[in-house]
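Structure, as structure tokens:
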Amino acid sequence: MNDTTTAAIEAHGLTKLYRDYYAIRDVTFSVPRGQIAAFLGPNGAGKSTTMRILTGFMAPSSGVAKICGFDVATDRLKAAEKLGYLPENGPLYLEMTPRGLLRYFGSARGMSADRLASRIEFVVEKCGLGSVLDKPIRKLSRGFRQRVGMAQVMLHEPEVLIMDEPTSGLDPNQIREVRKTIREFASTKTVLLSTHILQEVEAMADRVIFIHEGRIVFDGPTAEMKKEQATLEAFFHAKTGVPV
Ligand code: ADP
């Protein structure tokens with residue numbers, strides 16, 4: 001299955017046990033194509049665990065994850081082709097330059113030299129990397145590193161972007177820029193971004209999947225959260241008991 005009616009991201013009964021501890025339990029949701037969904041929850045709620053499973057980096061104890069209809073466990077390569085994943089701490093190849101990193105990932109994905117050159121030009125422009133293209137990533141600020149990570153995940157034109165706390169640790173200007181890039185990308189694609197910050201939800205997403213202590217406690221439009229409680233802060237507190 002790979003038609004336009006298939007959800008872009010599907011989690012079916014995902015459960016992950018670390019020894020005898022349930023990091024997530026029966027997590028089920030789906031994100032249709034063209035949506036920006038926020039995956040919201042306090043620290044330790046299970047966001048990264050879910051995202052690692054959805055992106056095929058970790059196997060669940062039980063359950064199934066699909067990207068554009070492809071099971072990430074049994075149809076791994078097809079799912080990976082559709083997917084860009086930005087892990088929490090961005091790119092790890094600190095000795096490489098952004099140019100070297102993009103070439104490396106493009107070749108690893110089997111992109112032709114021509115396509116790779118034109119895609120590098122595109123993502124460098126889109127992510128504002130021109131001035132740092134040949135500097136080692138280790139010398140770049142957190143904001144630039146995050147942009148390198150964004151360029152890397154957009155390089156192969158994935159249909160689905162999964163990003164773990166994409167604005168954490170950035171200053172307000174950098175946050176604005178990263179959000180702008182994500183919004184532009186999302187005009188034609190699907191984005192799931194995790195956050196524990198309510199402003200991020202309001203700024204970016206019209207849909208919220210809220211996880212607390214490994215279970216989904218709310219899934220619906222952002223506006224609906226405000227119907228239940230006067231503010232998102234009150235809603236968050238009511239669901240988790242955690243002060244904002
Ligand atoms: P979040 O991304 O929402 O902060 P995580 O998915 O990182 O949450 O973690 C969910 C829970 O699982 C937390 O209680 C965390 O301590 C625990 N956990 C995460 N990774 C491991 C691991 N490798 N081994 C044991 N426990 C883990």
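Counting convention: from 1, in listed order, for ligands and their atoms alike. Quick caveat, the model's predicted, so the values are computed rather than measured.
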[X] and [Y]: side chain donor to acceptor below 3.5 Å:
{"X": "Thr222", "Y": "Glu202", "answer": "no"}
{"X": "Asp134", "Y": "Thr97", "answer": "no"}
{"X": "Ser168", "Y": "Arg142", "answer": "yes"}
{"X": "Tyr18", "Y": "Thr49", "answer": "yes"}

Could you check whether atom 19 (C) of ligand 1 has a protein contact, counting only heavy atoms that fall below 4.0 angstrom?
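Yes.
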
Under-4.0 Å protein heavy-atom contact, atom 16 (O) of ligand 1:
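Flag for atom 16 (O) of ligand 1 set to false, no protein heavy atom closer than 4.0 Å.
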
[atom]: which protein heavy atom is closest, and how many Å away?
{"atom": "atom 12 (O) of ligand 1", "result": "Ala23 CB, 3.4 Å"}
{"atom": "atom 14 (O) of ligand 1", "result": "Tyr21 OH, 3.0 Å"}
{"atom": "atom 26 (N) of ligand 1", "result": "Tyr18 CD1, 3.3 Å"}

Mark up the atoms of ligand 1 that fall under 4.0 Å of a heavy atom belonging to [X], in ascending order.
{"X": "Pro42", "answer": "3 (O)"}
{"X": "Ala45", "answer": "1 (P), 3 (O), 8 (O)"}
{"X": "Ser48", "answer": "1 (P), 2 (O), 6 (O), 7 (O)"}
{"X": "Asn43", "answer": "4 (O)"}

May I ask you to check whether Phe29 and Phe39 place their ring centers less than 6.0 Å from one another?
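Yes, close enough.
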
Any N/O pair Gly46/ligand 1 closer than 3.5 Å:
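Looking only at distances, the answer is yes, because the N/O contact criterion of under 3.5 Å is met.
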
Between Ser194 and ligand 1, find which residue part has any heavy-atom pair under 4.0 Å and reply side chain, backbone, both or neither.
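Looking at Ser194 and ligand 1, no heavy atom falls under 4.0 Å.
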
Mind checking whether Gly44 has a heavy atom under 4.0 Å from ligand 1?
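Checking ligand 1 against Gly44, which is what was asked, there is a heavy-atom contact under 4.0 Å.
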
Path from Val160 to Val153 over hydrophobic side-chain contacts below 4.5 Å
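Unlinked, Val160 and Val153 end up in two clusters.
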
Answer whether the closest heavy-atom distance between the side chains of Leu86 and Asp164 falls below 4.5 Å.
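When only atoms from C-beta onward are counted, Asp164 and Leu86 do not touch, as no gap falls below 4.5 Å.
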
Between Gln35 and Val191, is there a side-chain heavy-atom distance shorter than 4.5 Å?
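No, every pair of side-chain atoms sits at 4.5 Å or beyond.
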
Would you call Arg115 and Glu157 a salt bridge, taking side-chain N to carboxylate O under 4.0 Å as the test?
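A salt bridge is present here (some side-chain N lies under 4.0 Å from a carboxylate O).
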
For atom 5 (P) of ligand 1, which of Thr49, Leu17, Ile24 has the closest heavy atom?
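Answer by nearest heavy atom: Thr49.
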
